[in-house]
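So the structure is just underneath, and the comments pick up after that.
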Amino acid sequence: MRIAAGIVAGGVTIGVAEVVSVLVSPDSTPLEAVGGWIVDHTPDGFREWVIGLVGTNDKLLLFVCMGVVAVVLAGVAGVIERVRRPLGAVLFGVFGLLSTLAALGRPNAAWTWALPSILGVIAGIMVLRGLIRRIEAVDAAPPETDMTVERRRLMQGIVIAGAAALVGGVAGRIIGLRSRDVSAERADVQLPTPTGPTTSVEPGAELNIPGLTPYLTSNADFYRIDTALTVPQVSKDDWSLRVHGMVDREIRLTYADLAAKTPIERLVTLACVSNPVGGDLISNARWLGYRLDEIIAAAGPHPDADMVLSRSADGFTAGSPLATLMDGRDAMLAVGMNGEPLPTAHGYPARLVVPGLYGYVSATKWVTELEITRFDRAEAFWTRRGWSAKGPIKTECRIDTPRAHGTFNAGKLTVAGVAWAQHRGIKGVEVRIDQGDWQPARLAVAPSIDTWVQWAFDWDATGSGIHTIWARATDGTGETQTDQQADVVPDGATGYPSLTLRIA
Ligand SMILES: Nc1nc2c(c(=O)[nH]1)N[C@H]1C(S)=C(S)[C@@H](COP(=O)(O)O)O[C@H]1N2
Ligand SMILES: [Mo]
C-alpha cells in the first residue's frame with residue numbers, strides 16, 4: 001500500500017509536469033531534462049558500448065531505464081515517508097531540485113523551464129502525504145472498528161490519482177509534441193529552384209549490381225547520427241542564422257532572407273567519423289542550399305580567425321576550419337535534400353553540409369549560429385570529449401557484395417562496393433584475392449569529386465574453400481589509402497576492408 005502510494009505520487013509528479021510543460025516546452029519535462037543531462041554526461045566508451053548492444057534503440061532504452069528507476073525511487077519514498085514523516089517528501093524534493101537544475105541547464109532553457117519540475121514535485125508531495133495520512137488512519141484504527149469504508153476510500157484515492165496522472169501525463173506529452181511538431185509546415189515549404197546546371201545523376205554512376213549500395217541514398221535510408229533525445233522541432237518562422245564573433249559586422253539571416261540569395265544544388269556524400277571500416281554510417285544525397293563562403297564573407301571575418309564554430313538549436317557544436325569553408329568548395333547552408341525540404345531528423349529547416357569533412361566537425365543540423373573564432377579559443381562538442389579538433393575525411397572503400405561468409409559456385413563472381421575521398425575524388429580501386437596481386441576494379445562514373453563512387457571487379461572464382469577478398473582505394477591526388485588499421489577515435493577508422501567467403 002505504501003509502495004503504491006509512493007508510485008502514484010511519483011506518477012502525479014510526472015503527470016503534472018507533463019501538463020505544465022504544454023505551456024512551457026516539451027523539452028522542459030523531468031523526463032527530457034534528466035534524460036538529456038544523462039546523455040550529455042555519459043562517458044563515450046559506455047555510450048558506444050550501449051549503442052553497440054542495442055543500436056539506435058539507445059534512446060528508448062534510456063527512457064525505459066529512467067522509468068524503472070523512477071518507479072523504484074517513488075516506491076522507496078512511499079515506504080520511508082511512512083517510517084519517518086517527511087523522509088519520502090524530502091526524497092521527492094531532492095529529485096525535484098535535480099530535475100529543475102537539469103531543465104535550467106538545457107540549451108535554450110528559460111527560467112520557466114523550472115516550472116514543470118517544481119509544480120510536479122509539489123503536487124507529488126501533496127498526494128504522497130495525503131495518501132500516507134489515510135493509510136496511517138486505517139492502520140491506527142482499533143481492530144474492532146469497521147474500516148471497510150475507509151479502506152475502500154483509500155483504494156479509490158490511489159486509483160483515481162494514478163489514473164489522473166496517467167491521463168494527464170499522456171495527454172500533456174501528446175499535446176506538447178503536437179503543438180511544436182513542424183511536419184505540417186515542412187510539407188508546405190516551397191524550395192527555391194537552383195541556378196546552374198541541374199544536378200541529375202548521370203546514368204553511368206549506377207552500376208546496377210545486385211547487393212551494391214545505390215549511388216544516391218533516399219532520405220528514408222540516409223544514416224542518422226545526433227545527440228538529440230527527441231528530434232528538435234524548429235519552425236522556419238522562428239529560425240534564424242546569426243553570424244558573429246571575429247567579424248566586421250554581425251549578421252542575422254531569417255528564413256525569408258534566404259529567398260534573396262542564389263541557391264545551388266550539389267551531390268555530396270556525408271560520412272560519420274564513427275564509421276568503422278566496412279560500416280554504413282555514410283550516405284549520399286543531392287543537397288539544395290546557399291553558399292557558406294558568401295554568407296561568411298558578408299560578415300567580414302577577421303584575418304586572424306581560423307575556425308567556424310557552428311551551433312544548433314539543441315546546443316550541439318562543430319568546429320570547421322574557416323579556410324576550408326572559404327576555399328571554393330561547395331560548402332553550404334542546406335535547406336533541401338533529394339528534392340524535398342530537409343527531413344526534421346536531418347536538420348529542418350537548415351543545416352550545414354561541407355564536402356570533405358566528417359559530420360562531427362561540419363554538418364551541424366538545426367543550425368542557428370556561426371561563430372567566427374579560433375581553434376585555440378573554442379572547443380566543439382566532440383573535441384571536448386576526446387575527438388580530434390579537425391576531421392578531414394580519410395580515403396576509404398567498402399565491399400558490399402558478395403555476401404560475407406556466403407558460399408558461392410566457382411566461376412564468374414562480381415565483387416563490388418563504394419569508395420570515397422570527398423573533395424579529392426577517387427582515381428582507382430584495386431582488389432586482391434587472398435595473397436594474390438592487386439588488380440584494378442572498374443569504376444562507375446563519378447558525377448563529382450565530393451561523392452563516393454561505385455566500383456566492381458569481375459572475379460573468376462576458382463579453388464574450392466575459404467577465400468579472403470581485400471580492397472583499397474586511391475584518391476584523386478594519387479595517394480592510396482593506408483593499410484594501417486586505426487580505430488574510429490580520434491579522427492576516423494583506417495585499414496583495408498576485407499571479406500571472407502567460401503567457393504563450393
Ligand atoms: N545538431 C546536431 N547536428 C549534428 C550532430 C548532432 O549530434 N547534433 N551530429 C553530427 C554528426 S556526428 C554527423 S555524422 C552528422 C550526421 O548527419 P545525418 O544524421 O543527417 O546523417 O550530423 C552532424 N550534425
Ligand atoms: Mo558523426
Side-chain angles (χ1 to χ4, degrees), residues 27 36 39-40 42 44 47-48 51 55-56 58-59 106-108 182 213 216-234 239 241 268-276 279-289 292 308-320 331-338 340-371 380-394 396 420 422 451-452 487-493:
D27 295 325
V39 170
D40 291 351
T42 305
D44 293 332
R47 189 205 315 262
E48 261 153 39
I51 292 178
T56 37
D58 55 333
K59 283 153 198 173
R106 298 276 80 209
N108 300 332
V182 292
T213 307
L216 208 60
T217 317
S218 69
N219 289 355
D221 290 341
F222 206 95
Y223 84 96
R224 177 189 163 198
I225 291 285
D226 53 65
T227 57
L229 209 45
T230 48
V231 178
Q233 305 286 316
V234 181
W239 177 88
L241 181 73
V268 179
T269 300
L270 281 194
C272 183
V273 69
S274 299
N275 194 33
D280 56 8
L281 297 179
I282 175 166
S283 303
N284 184 40
R286 192 158 47 88
W287 306 94
L288 176 75
L292 269 182
V308 177
L309 187 71
S310 50
R311 187 172 281 113
S312 71
D314 67 330
F316 171 85
T317 52
S320 320
M332 60 170 126
L333 174 72
V335 296
M337 181 176 181
N338 290 327
E340 275 179 39
L342 287 177
T344 40
H346 293 288
Y348 177 86
R351 73 170 306 164
L352 303 188
V353 169
V354 182
L357 299 183
Y358 285 122
Y360 83 109
V361 289
S362 68
T364 304
K365 305 191 272 189
W366 316 286
V367 66
T368 56
E369 237 182 85
L370 302 180
E371 181 184 346
F381 186 89
W382 286 112
T383 311
R384 220 171 296 137
R385 290 161 175 80
W387 296 75
S388 172
K390 299 196 179 161
I393 293 177
K394 297 175 178 178
E396 261 298 336
W420 60 90
Q422 288 90 314
T451 74
W452 60 15
D487 187 25
V488 294
V489 190
D491 61 359

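Just follow the structure's listing: the first ligand is 1, and inside any ligand the first atom is 1. Counting begins at 1 with the first residue of the sequence.
- Ligand 1 places these atoms under 4.0 Å from at least one heavy atom of S312: 1 (N).
- Here the protein heavy atom with the shortest distance to atom 3 (N) of ligand 1 is K365 N, 3.0 Å.
- A side-chain contact (heavy atoms from CB on, under 4.5 Å) with W287 is found for exactly one of N338, L342, L333, namely L342.
- Considering only heavy atoms from C-beta on, E340 stays 4.5 Å or farther from L288 through its side chain.
- Note: an N/O pair closer than 3.5 Å links A363 and ligand 1 by distance alone.
- At a threshold of 4.5 Å between non-hydrogen side-chain atoms, the residues S310 and V367 count as touching.
- Y223 O, 2.6 Å is the protein heavy atom nearest to atom 21 (O) of ligand 1.
- Nearest to atom 6 (C) of ligand 1 by heavy-atom distance, out of D226, N275, L342, T364, is D226.
- Within ligand 1, counting atoms from 1 as listed, the ones closer than 4.0 Å to a heavy atom of Y360 are 11 (C), 12 (S).
- The pair D314-R106 fails the salt-bridge criterion, with no side-chain N (NZ, NE, NH1 or NH2) lying under 4.0 Å from an Asp/Glu carboxylate O.
- With a 4.5 Å cut-off on side-chain heavy atoms, E369 and T317 do not count as touching.
- Between I225 and ligand 1, a contact under 3.5 Å exists for at least one N or O pair.
- Less than 4.0 angstrom separates some heavy atom of C272 from each of these atoms of ligand 1: 14 (S).
- For ligand 1, the atoms lying closer than 4.0 Å to a non-hydrogen atom of D314 are 1 (N).
- Around atom 8 (N) of ligand 1, the closest heavy atom drawn from F316, F381, F222 belongs to F316.
- Counting heavy atoms from C-beta on, the side chains of S283 and T269 never come closer than 4.5 Å.
- Close N/O approach between W366 and ligand 1 is not found [any backbone or side-chain N/O within under 3.5 Å].
- Here the heavy atom of the protein found nearest to atom 17 (O) of ligand 1 is R351 NH2, 3.1 Å.
- In this structure, the side chains of F381 and S312 stay at 4.5 Å or more apart for every pair of heavy atoms.
- Note that R224 lies outside the cation-pi zone of F222, set by a 6.0 Å cut-off to the ring centre and a 45° limit from the axis.
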